[in-house]
Amino acid sequence: MTKQYKAVFFDLYGTLIDIRTDEDSPRAWNALYEALRDAGAEYASADGVKRAFDEGLAQVMEGHESDRCYEPNYVSVYQRMLSDRGVSADERMARDMGRVFRRASTNLIRLYPGVMAMLDRLHDAGMRTVLVSNAQSCFTRPELALLGLDKALDDVLISSEEGVCKPAAEFFERALQREGIAADQVVMVGNDATSDIGGAANAGIDGIYFNTEISPSDDALTCERAALSCRGADYDAMLEFVLGRR
């Protein structure tokens, strides 16, 4: 019997958004250094800011080093960096630091062509669209708003807010619970064969694999665990597969 999907789960970066970032860029760390200084948190240099971030992240990760599906929240790291220099930082200020760094480390960010039309077609067919993303919310929430995806998606789950990331089945299961649907009523679309397709399969969810420019370099062009594999973000092929089952 052919499955009839009620929802589509989406990865974000490399699936809906084309992005290029360089977290090692001196420009990014200098921008964060200047933002911290302007907030009253004085560090000796941009290199000192990077060391402080790495140390803060190590503290947040303490006890979770062996858990590859634990997702830290960088907001707490930025709060530590501010408070260590005597600045009383609320979550909003810490998120601002994250946004400064992200903007300075991003060289390209745009929707793949056809994203909005594809989401409209799914909604017209009565299907739910849900983001299931390994990401930091202090970066991702503003980028969703910038590109209009915050209003185009029905729900958003971000790993840093959930404390767990793909490929853990638990992350997908949380999305299923929030939608009130069964695993065989959903298909996951993503560009990472292990995190997206393998993780979904571990939760009993079908997968559609997009091999895009920022897929992992060791991914094959065709994902054996996917119900459909595509070269690039091929929304036409994805829609034909999903809507053809309704």
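Basis for what follows: all heavy atoms, side chains included, without hydrogens, waters or symmetry-related copies. We count residues from 1, following the sequence as given. For clarity, every value in this text was computed on a predicted model and none was experimentally measured.
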R37 side chain to E42 backbone, donor-acceptor under 3.5 Å:
no

Is there a chain of hydrophobic side chains (I, L, V, M, F, W, Y, each step under 4.5 Å between heavy atoms) that links F172 to V189?
no

From T222 OG1 over to R231 CZ, what is the distance, rounded to the nearest 0.5 angstrom?
7.0 Å

Do L149 and F10 belong to the same hydrophobic cluster, where Ile, Leu, Val, Met, Phe, Trp and Tyr are linked whenever their side-chain heavy atoms lie under 4.5 Å apart, directly or via other members?
yes

Taking C-beta and beyond as the side chain, do Y70 and V60 meet within less than 4.5 Å on heavy atoms?
yes

Heavy-atom distance under 4.5 Å between the side chains of V186 and L176, does that happen here?
yes

Return the CG to CG distance between L144 and L147, rounded to the nearest 0.5 Å.
8.0 Å

Could you tell me whether the side chain of N134 reaches within less than 4.5 Å of the side chain of D196, counting heavy atoms only?
no

Is there a side-chain contact between N107 and T21 in this structure, where contact means two heavy atoms from C-beta onward sitting under 4.5 Å apart?
no

Between S215 and F210, is a side chain to side chain contact (heavy atoms under 4.5 Å, CB included) present by the stated rule, with each step listed?
CA-CA 8 Å; S215 289; F210 287 170; 6.0 Å; no

Indicate yes or no for a side-chain donor-acceptor contact from N211 to the backbone of G232 under 3.5 Å, with no hydrogens or angles considered.
no

Establish, yes or no, whether the cationic atom of R85 lies under 6.0 Å from the six-membered ring centre of Y43 and within 45° of the ring axis.
yes

Do the two ring centres, one from Y33 and one from F101, sit under 6.0 Å apart?
no

From I17 CD1 over to L108 CG, what is the distance, rounded to the nearest 0.5 angstrom?
10.5 Å

Is the shortest heavy-atom distance from the side chain of Y74 to the side chain of L57 under 4.5 Å?
yes

L131, M238: one ILVMFWY side-chain cluster at the under-4.5 Å cut-off?
yes

Just verifying a value: how many Å separate L239 CG and M127 CE, rounded to the nearest 0.5 Å?
9.5 Å

Ignoring hydrogens and geometry, is there a side-chain-to-backbone donor-acceptor pair from S105 to A28 under 3.5 Å?
no

Could you tell me whether the side chain of K50 reaches within less than 4.5 Å of the side chain of E55, counting heavy atoms only?
no

Treat each ILVMFWY residue as a node, draw an edge where side-chain heavy atoms are under 4.5 Å apart, and state whether L157 and F139 are in one component.
no

Please report the shortest heavy-atom distance between A94 and V75, naming the atom on each side.
CB-O, 3.6 Å

Under 3.5 Å, side chain of S25 to main-chain N/O of R27, donor-acceptor pair present?
yes

Among R103, R102, R110, exactly one meets salt bridge (Lys or Arg N to Asp or Glu O under 4.0 Å) together with E143. Which residue is that?
R102

After noting the C-alpha distance and the side-chain angles of D96 and Y78, does the key distance pass the side-chain hydrogen bond (donor to acceptor under 3.5 Å, both in side chains) rule?
CA-CA 9 Å; D96 287 344; Y78 295 124; over 6 Å; no

Could you go step by step and tell me if D192 and D11 meet the side chain to side chain contact (heavy atoms under 4.5 Å, CB included) rule?
CA-CA 9 Å; D192 187 312; D11 172 57; 6.0 Å; no

Mind running side chain to side chain contact (heavy atoms under 4.5 Å, CB included) on V164 and E71 for me, showing each step along the way?
CA-CA 5 Å; V164 63; E71 183 72 32; 6.0 Å; no

Go through the steps for V8 and V130 under the test side chain to side chain contact (heavy atoms under 4.5 Å, CB included), then give the verdict.
CA-CA 6 Å; V8 181; V130 179; over 6 Å; no

Candidate list M97, E23, M81, R80, test side-chain contact (heavy atoms from CB on, under 4.5 Å), partner F53, passing option:
M81

State which residue, out of N191, D18, T140, fulfils the side chain to side chain donor-acceptor pair (under 3.5 Å) condition with Y13.
T140

M118 side chain near L16 side chain, heavy-atom distance below 4.5 Å
yes

Shortest non-hydrogen separation from S133 to L12 and the atoms involved:
OG-CB, 3.8 Å

Please assess Q185 against E179 for the test side-chain hydrogen bond (donor to acceptor under 3.5 Å, both in side chains), listing each intermediate value before the final yes or no.
CA-CA 11 Å; Q185 296 173 315; E179 289 300 305; over 6 Å; no

Minimum heavy-atom distance L82-A39, with the two atoms named
CD2-CB, 4.1 Å

Taking atom CZ as the centre, does R178 end up with more than 12 heavy-atom neighbours from other residues, nucleotides or ligands that are less than 6.0 angstrom away?
yes

Between Y112 and Y235, how do the two ring planes meet: parallel, tilted or perpendicular, split at 30° and 60°?
perpendicular

Nearest 0.5 Å, please: how far is SG in C230 from CD1 in I208?
7.0 Å

Under 4.5 Å between any side-chain heavy atoms of R51 and W29, yes or no?
no

What pair of heavy atoms forms the shortest contact from E170 to R174, and how long is it?
OE2-NH2, 2.6 Å

How long is the straight-line distance from CG of D54 back to CD of Q59, given to the nearest 0.5 Å?
11.5 Å

Write down the atom of F171, the atom of I158, and the distance for their closest heavy-atom approach.
CZ-C, 3.9 Å

Closest approach of S160 to S137 (non-hydrogen atoms, all atoms of both residues)
OG-N, 2.9 Å

Side-chain heavy atoms under 4.5 angstrom apart, residues restricted to Ile, Leu, Val, Met, Phe, Trp, Tyr: same cluster for M188 and L119?
no

